[in-house]
Every structure is written in C-alpha cells, then in structure tokens.
Amino acid sequence: MAKLTRFYNSFQPNHYDIYLDIDRSAKKISGKTTISGIAQTSKIALHQKDLSVSTVQVDGQQVPFMLDSERDALNITLPNSGEIQITIDYTAPLTDTMMGIYPSYYEIDGEKKQIIGTQFETNFARQAFPCIDEPEAKATFDLAIKFDEQADETILANMPELRVENDIHYFDTTVKMSTYLVAFAFGELQNKQTQTDSGVKVGVYATKAHDPKTLDFALDIAKRSIEFFEDFYQTPYPLSQSNQLALPDFSAGAMENWGLVTYREAYLVLDPDNTALEAKQVVATVIAHELAHQWFGDLVTMKWWDDLWLNESFANMMEYVAIDALEPDWHIWELFQISDVPAALHRDATDGVQAVHVQVNHPAEIDSLFDAAIVYAKGARMLVMVRALIGDDALREGLKNYFAAHKYNNATGADLWQALGEASGQNIAAIMNSWLEQPGYPVISAEVIDGQLTLTQQQFFIGEGQTANRLWQIPVNSNYEVAPKIMAEQKVVLGDYVTLRRDAGEAFYLNMRNESHFIVKYDATLLQDILTNVDQLDAITQRQIIQDMHILAQGRQIAFSEIVPLPLRFANSESKIVNDALYAVAQDLRQFMTPDSDEEKNLKQFYDKLSRQQFERLGWHAKNNESLDDELTRPYIVAAALFAENTEATTQAHELFKTHEGDLQNLKAEIRLFIIRNEVKNYGNQALFDTLFLNYRKSSDASYKKDLRAAITSVTDPQLMSQLVMAFKNSDVIKPQDLRGWFGSVLRNPHGQQAAWDWLRQDWDWLESKVGGDMEFTTYITVVASILKTAERLEEFRLFFEPKIDQPGLTREIKMDIRVISGRVALIESERNAVNQVIVDNI
C-alpha cells in the first residue's frame, strides 16, 4: 500500500476553473479542470481517483502524464517550474458509494427519483476533479456545471449562481478554501428562505417527498445560529448565502461545505407537530454544529488531518453553547451530559485508543481519525474545560484574534492555544497538551489516609491496560478551597480531613458540574458522607455519582454488585439526567443474564420495582403543564415498565396500538416506539411485519422510520428474522446509510444475534465494497464489540477480524475491540453470581 506523501509541497494551487458535464442516465461525468498555481519542481503530482484522463496541457502545451492508482496520483512532467496553468480533460464514473459526486434515491407516490449531491470530505474531491486534495491547499474555485436537466430542477453550489449559458450553470467565484469543502447538488427540490439581521440569505432545501412544514424548524435554527455565531465570534459570516440541503442518501450525519451545508434527512427535516423534544434537540445541535464550522473549519482550517480535532471538537462544543443561548429552556447541556460525556468516558478507557491529536501515516488512516467519541466528544470536553478555566470573555476575545490572524488560511492546535492564552493570561497550551497528545484519562482516588485528605491520579482502564506512567494537568473543580486549581502531580495531600470537613460544612466533592474529563473514586468515608444527603444534591452531582460508580464497576475498581442497589436509591428522581444514569446501570445488568432464564425473571422484577411508582405518576400521556424533565423522562419509564412486563403498561400499550393501528405515524412521537415494539414482541406475525416494513418504505418522516426500525428489529420469530436479514442488501428497502442501525439492532436482539453475526461475516466483502471508503465503516466493528459478551463470541471475533488487523484504517479498531470484548467476558464470568444474588436481595 502507498505511503502518505504531501503533494502540496511540490505544487501550490491558487485557483481552479472546473467544468463538469454530468449525465445521470449514463452515470458518466465529463470534466475539464484548469488549475493555476506555483510548481516548485518540474515533476509534480495531482490527486485523482478513478479518473480517465485524456489530455494534460501546461500553459497551452500538451505534456506527458501518468496515472498512479495506488497513490491516487496524476504524475505530470512540466516544461518548467514556477507559475503555471494546468488543464486536464477527463471522464469519471458516477457511482453509488455516497462519496465524490453521487446520486441519492427517493420515491414520491411510488415513482423513483434521484438528486445528485457531493461528499468530498475527507479526500474524495479527487473523484470529481484533479486537484491537490489536502486541507492546506486552499484556493479559489470557479464552478460551471451542465447536466441532463429536466423541468422544475434546481441546482445549488457553495456560491450563488451567476448565469446560465448554453445550458451551463456558472457560479460566483468562491473565497479561498480547501477542496474538501467544494459542494454542489441538483434535482427536484423545494425550499424555504429567510435572511439574517446582517443580510445573509439562509435557505433550507429538501426533496418534494417531504411536507413543506418540515423545513420550518431547520430554517429558524439556522438563521438564529448564524446570528449567534456572528456575535459570539465577533467575526462576520464570510459569505452571502448559507443553504442547508437534506440528501436522501448521506454517509455522515452532516457536512459543513461552505455556503451549502449537506445533511442526512434525519438531521434537518422534521415534523414540527409530532417530533419528540429530544429529537428536535439533536437536529438543532447538528445544524448549530455545522454552522459553527463555517468559521471554525471553513474560514480557518486545520493545516493537516492530524489536527482534525480543531474542526470537530470546537464545533461540538459550540453547538451546545449556541443552542443553550437560543433555547435556554431546553437545558441543552444536559444532552451533552447524557450523550457526549459517557461516550468519551467509555471509549477513552480502552487501552490503545487514539489521542485527540494523532499522526496520520497512511491515506487509509485519514477516515479512521473520525472517532466520534474522541475527536468530537472528548475533544469537546477538553474545550469545555478551557472555557471553564478562562471564561467566555477571554474565549471570545481569543477566538476573534484567532480568526483575524488565520482567516482564509490554515492553523494548528498550537495557534489556538496561543490565541486563548494571550486573551486569558494563562498558559493554556501547558495545561491542554496533556489532554491533547496522550490517550486516555485519569481516575482521581480521593482518600483519607492517616487522617489526611489525599488525592492520587492514575490512568483508568476498562479491561486490561498499561498506564505508561501518564499524568494529566487536571482542573479538579473542587468545593474545598484547599484543593489545587490544576492537579499536575501524581499525588496531592490536602490536609487534616476532620478539620477540612468541619470548616467546609459539607461533603468533599471533585469535578463539580462534571466539566472535566476524569472520574472520581471516593473511599468509603468520603462516599458515605456524600450519600448521606444525596437527595439534597443537584441533579448533575447525583448523575455524576451514579456515572462514576458505574464506570468504576465496569473497570473492576469496585465490585459490580456494589452498584446494583444504586438505581433504587434514585428511583423516584424527577430529573431526566439522573434517570438516564440509573437506567444505564439497569440496562448494564442485562449482560449478566441469559435470555428467558430465572435470572432474567428476577431482573424484570427489579425493573418493576424501579419503575412502577414512576409509571403510575407519569403514565403514557403528557399531563397539563408537566415539566420538561417529566416529558423527557417518560420514555425511560415506559421502556422499563414494558421490559418488566408490568401488566398495566403492556395492556395499555396494546390498546393504544389498536386504537391507532391505521395511523401509527400520528401516535405521539415520545411514546410511539414503545407501543409499536410492544406489539411486535407480544403480538407479532407476518401481517404486522409486512405492514410495518411497508410503512417504513413509504414514510419520509425520519423520526417515524427510526421508531419502525427499532420495532421491526425486535421480532422473535426465526422466519421473520430471516426475512429481515435478507433485506439488509436490498437498498430499495434499507438504504446503505441506515444499514448499520438495522444491523446493530438485530445483533442486539438475542433472537437475531446469530443471524446478524453470520451475515456480517459472510457478506463482509459486499459491505466493504458498498461503504468501505466511508469514514463510518470501521464503526461496524465497534458495534459488534459493544454487544458480544461470551467467550465463544470473542473467539469468533478473533478468528474473523485478526486476519484483517494489518489493513490500514482497521488496525486500531480491531485491537481495541478485542480488548473491549475480552474485558466484558472477564467481568461477566467473574461477577455474574454476585450480581444476580444482589438483584434477588433487592426485589
């Protein structure tokens, strides 16, 4: 396989003229690209992938060239170095890989249609036009597109359209930007438009399969997000337009193309009248994330992919900062606590995990950098720590200076730390590099040793791990003033505990507000002091206690049986984030059970004890003027009651299904999944299976489709399961973008695990050909590792994946996931009996 070489070192482009003629029916692209730039040598290389090049001219003169598919290179011999203009004529295929230029498919009233879109991140622009396909190679672009145009079709690009001549659409010259941000799309589209206070034209586009009202929510959030960022960054939005486009087929969640942001439909269009609040929150944060990128990623871009976190970590934090300002009643940081925080803590506890800043040694490794739990979630936690340390005034001043210094160019992490450090007067780089450059995170043991309150940091692992004597500079955020602001040492003695406790008048806590990326292991004395008045603690502190003890149990630093009673202690909490944490523990107890065993029956009684009183309080339907927490907690409670086989809950679910059988989509979105899934599990048959699958195919409502998927994949009948798995490769039924969700849900179902696991191994080559270049491809392995839990499955995993361990882009994932499954198997084998006994003792 090819080594990674940087083509930019030999040739620096400054402008592209790109002409594309796209024939959808023939699935063919004919192109002509002219690149102006500076050649440092007489032999240069441009990136290309699967292009059929016919001629290469330099300053009007034909020159020799050679294609090198292994390096994705078009090698060109120049008559001279210096300022040159290269013109390349070529053709390329229009593929169905969801990369480069590709078609998206959808149906309206049974008629199949398609729109064309692009996805050029990370390095797929080379499939559309020859270029220096590296982030540092910023240039301006003139785009001209011709296509087999039909009536009532719309074409969009990064910049506004200037004119149409001879059926060719010409677009305004872009600002200076990286190739991976170039974007365009065309097809039958509907749209809604608005304008920001500063005059930026904002649009939302989608296919006509959607009700027009489903564009309203995104339009409002997009407009207000741009206005917020212009104020917060103290830097104007750099373009005249910001269009948001929902693509029916899209490999990622969304993509921050400058001026033409593309989204998976589920993350842009929604029914404002019947979408659960949490789903609205997710859509809002995704939109805010992509628009945060218009400055942080587009205006200023990482110099190389090793600093991907500069783009993603910052946008991940800013999505919450923005939505918290736009919708303060949502308490959106609670979503951060239940999604990003646990994702980062679990992934980052596996030995072998990548650091936030990681070197790239092979082209195939670039896509594997997009580890959402690390580059997005952990990186965001790093920046939340920075924000807490320096405050918003210094953060905004630092960002303003950072944008001013690097706009339309590239930057590194050191540049950001310098800007924030100068604005705050603190050595931010010294603190943050310990988090940026090394993997993992610490557990701080808080103990009373010989009467002295003592803190010790050590790297935490779930499963086996080598500490490598790592230390972090930890913002400990304690409620005791004697604790250091930053703990950089391995051990700190704070003083006589009795005296400190008396003077403070309250129990000792670390990581207040759960803002820093570490967990705490309190000794018995300190933990008992905390738990004595746990009911008086704020929700985040209560959640953190459950979260940290849960993770400590997973890492076998405390016995798992110790945390079994913990959910019962918080069972009547009215806080959504506390319920999320306690039901995460309850869910984890299922791994110790064999399906349909006496142990599982005991666990169902435990669930009944946990949820019965809350179910009686909340029921299926919203009460007048109920709190936001109650609305968001209801799904946890009804799910638990149904698992517990609470007769009242299952009977009411069946009655609700029968009442709405002809119009399931209009069941209240907050409870719809549980009603349909209950019906499938308890009353499932071929007719119901067929009906739900038909509804899935016909609906354009992403929220409803997600509920149907979760319900359909809970089937128990072997024949229906076989039909379901056979549909995995039928893209007319299950789109490749959605396949991972279907596969994971079936694998998680004990009645479907064998069929799904067999399918993955038998059809791996097909899967790799379908989504193998996708940045999310490796997550199929991650999904498998999150579910398998027996020694037999571990051996099967090894046998299948170890022969692929040297495949670039898969190496780290396979090695990590062997550790993940091994750790789970060891935990279950060691603690199964004790856990099941404590469950019996508590029912």
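Note that the coordinates shown come from a computational prediction; the quantities given were computed from them, not determined experimentally.
- Classification of the W295-F229 ring pair by plane angle, with boundaries at 30° and 60°, yields tilted.
- Taking the ring axis of W304 as reference, the NZ or CZ atom of R6 stays within 45° of it and closer than 6.0 Å to the ring centre.
- Scored by the ring-ring contact (aromatic ring centres under 6.0 Å, His included) test, F232 finds F228 as partners (sequence neighbours excluded).
- F336 has its ring centre less than 6.0 Å from the ring centre of Y320.
- When side chains are defined from C-beta on, L383 counts as touching F314, because their heavy atoms get closer than 4.5 Å.
- The side-chain hydrogen bond (donor to acceptor under 3.5 Å, both in side chains) search around E574 returns none, not counting sequence neighbours.
- Within a 6.0 Å sphere centred on CD of E464, heavy atoms belonging to other residues, nucleotides or ligands number 12 at most.
- Heavy atoms of other residues, nucleotides or ligands lying less than 6.0 angstrom from CZ of F560 number more than 12.
- Between W435 and W472, the ring-plane angle classifies as tilted under the 30° and 60° cut-offs.
- With values rounded to the nearest 0.5 angstrom, E312 atom CD is found 8.0 Å from M302 atom CE.
- Between atom OG1 of residue T811 and atom CD1 of residue I805 there is a gap of 6.5 Å, rounded to the nearest 0.5 Å.
- Using cut-offs of 30° and 60° for the angle between ring planes, the Y233 and F403 rings count as perpendicular.
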